[in-house]
Amino acid sequence: MQRSKRHKMIIEAVRSGPHSIDELAKLTGASSVSVRRDLAELADQGVIRRFRGGAAPVSHRGADYPFALRQASGIESKSALAKATAELIEPGESVFVDNGTTALAVAEELSGKNLTAMTVSLHSAAALASKPGNQVIVPGGPIDHDDLAFTSAGATEAVAAMRFDTAVIGTCAANPDAGLTVAGWGDAQVKRAAIASAQRVFLVATADKFNHTAAHRFASIADLDAIITTYGAPPSAIAEARIAGVTMIELDHSGGTETLG
């Protein structure tokens with residue numbers, strides 16, 4: 001089993017309650033030595049809490065997977081989403097690019113496209129500046145551990161002071177009833193500011209995000225102009241987008257796109 005898949009299995013198991021090393025070894029098919037090493041790494045990343053002989057969940061709701069683990073997951077889907085999103089953005093635009101691994105894939109597709117691009121992610125800033133052509137702006141201030149994102153009050157002010165043709169937004173969760181939600185309060189404030197400063201707003205997210213919720217709400221589906229997602233968006237999300245007049249672009253199995261609303 002790939003290490004990233006094993007880490008995900010451990011995180012999901014521990015979120016439901018404390019598990020012993022022996023239980024996690026049986027679940028993953030890995031040795032106890034490998035599981036101990038996994039637990040040490042995941043505890044350092046703050047997604048589980050270790051105790052002697054096992055691990056327990058951390059106390060906060062809506063916690064996300066570590067950045068490296070998310071980046072290694074769903075690479076093909078994120079690349080296809082990024083290509084579909086980049087096709088909707090014209091050279092010369094002023095663009096906001098969010099933090100997160102899907103937004104990073106979009107940033108990679110937008111490199112060299114002659115954009116004025118503000119991003120709140122050092123990962124995405126490096127991708128946007130990897131080819132000549134873009135003017136890349138970051139808000140400054142402290143960055144978050146692991147995902148290297150700017151989510152301070154100063155970052156929110158800097159985003160609010162800009163005017164964007166397009167904002168490319170990611171999310172931890174997009175349940176139609178709960179709205180668009182994320183694990184971090186600061187992250188929610190930055191996203192809210194970007195949406196308020198943009199002429200049009202694209203949510204770029206895999207279809208599984210519509211089945212989850214997180215702690216901090218920053219928008220509703222009705223606040224969007226378009227959703228770019230993978231195949232399998234639930235009917236409730238499609239209906240919500242249609243009612244709100246939001247265009248939903250869904251990737252099909254072959255990598256093409258279908259407009260659902």
Side-chain angles (χ1 to χ4, degrees), residues 1-82 98-105 121-124 143-149 151 170-175 177-178 180-188 204-217 229-234 237:
M1 179 184 295
Q2 288 183 344
R3 178 167 154 272
S4 61
K5 290 183 178 179
R6 191 171 69 243
H7 281 194
K8 277 192 172 184
M9 289 182 69
I10 290 171
I11 293 169
E12 288 295 335
V14 171
R15 280 179 177 173
S16 67
H19 280 65
S20 69
I21 288 174
D22 288 342
E23 288 172 331
L24 293 171
K26 183 176 180 180
L27 174 69
T28 61
S31 68
S32 296
V33 172
S34 294
V35 170
R36 285 192 182 92
R37 194 159 46 236
D38 293 337
L39 295 184
E41 185 174 341
L42 294 172
D44 286 343
Q45 294 170 346
V47 293
I48 64 163
R49 178 173 54 84
R50 287 190 73 186
F51 61 82
R52 185 174 179 83
V58 290
S59 59
H60 54 287
R61 178 176 181 261
D64 214 339
Y65 292 113
F67 187 90
L69 197 60
R70 288 181 282 131
Q71 189 175 21
S73 175
I75 293 173
E76 291 183 1
S77 294
K78 291 172 186 175
S79 177
L81 287 173
D98 206 354
N99 68 72
T101 58
T102 304
L104 173 56
S121 160
L122 289 183
H123 293 293
S124 291
I143 59 173
D144 295 342
H145 172 68
D146 184 46
D147 61 359
L148 305 184
T151 60
T171 189
C172 295
N175 181 281
D177 294 327
L180 310 185
T181 54
V182 288
W185 184 86
D187 189 20
V204 187
T206 52
D208 61 294
K209 298 293 180 71
F210 294 105
N211 298 317
H212 301 293
T213 62
H216 303 285
R217 187 179 187 274
T229 189
T230 50
Y231 180 81

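It should be emphasised that the depicted structure is a prediction, and the values quoted were computed from it without experimental measurement. Along the sequence shown, residues are numbered consecutively beginning with 1.
For the side-chain contact (heavy atoms from CB on, under 4.5 Å) test, residues two or more places apart in sequence or in another chain that qualify with K5 are M1, Q2. With sequence neighbours excluded, the residues forming a side-chain contact (heavy atoms from CB on, under 4.5 Å) with S79 are K83, listed by chain and number. Under the rule for a salt bridge (Lys or Arg N to Asp or Glu O under 4.0 Å), the partners of E12 that lie at least two apart in sequence or sit in another chain are R15. Here H7 pairs with D38 under the side-chain hydrogen bond (donor to acceptor under 3.5 Å, both in side chains) rule; sequence neighbours left out. In terms of the side-chain hydrogen bond (donor to acceptor under 3.5 Å, both in side chains) criterion, residue partners of D144 (sequence neighbours excluded) are, by chain and number, T151. Residues that satisfy the side-chain hydrogen bond (donor to acceptor under 3.5 Å, both in side chains) test with T101, not counting sequence neighbours, are K78. Residues that satisfy the side-chain contact (heavy atoms from CB on, under 4.5 Å) test with H212, not counting sequence neighbours, are A173, D208. With sequence neighbours excluded, the residues satisfying side-chain hydrogen bond (donor to acceptor under 3.5 Å, both in side chains) with S31 are S34. With sequence neighbours left out, L148 forms a side-chain contact (heavy atoms from CB on, under 4.5 Å) with L122, H123, I143.
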Side-chain donor-acceptor distances from residues 49-56 under 3.5 Å, at least two apart:
none

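Among all heavy-atom pairs drawn from A183 and A215, the shortest one is O-CB, 4.4 Å. The minimum heavy-atom distance between L24 and A13, with the atom names listed, is CD2-CB, 4.0 Å. Here the closest heavy-atom approach between residue G232 and residue A207 is recorded as C-CB, 3.7 Å. In this structure, A30 and V35 approach most closely via the heavy-atom pair CB-CG2, 4.2 Å. Scanning both residues, D146 and F67, for their nearest heavy atoms gives OD2-N, 2.8 Å.
Distance check: L27 CG to D22 CG gives 12.5 Å after rounding to the nearest 0.5 Å. L180 CG to F210 CZ: the interatomic distance, rounded to the nearest 0.5 Å, is 8.5 Å. The CD1 atom of I10 lies 10.5 Å from the CZ atom of R3; values are rounded to the nearest 0.5 Å. The OG1 atom of T171 sits 7.0 Å away from atom NZ of K209, with the distance rounded to the nearest 0.5 Å. Rounded to the nearest 0.5 angstrom, I48 CD1 and L42 CG are separated by 5.0 Å.
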N99/D187 under side chain to side chain contact (heavy atoms under 4.5 Å, CB included): CA gap, chis, key distance, verdict: CA-CA 9 Å; N99 68 72; D187 189 20; 3.1 Å; yes

Trace of the side chain to side chain contact (heavy atoms under 4.5 Å, CB included) decision for V204 with D98: CA-CA 10 Å; V204 187; D98 206 354; over 6 Å; no

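The shortest distance between side-chain heavy atoms of L104 and S121 does not fall below 4.5 Å.
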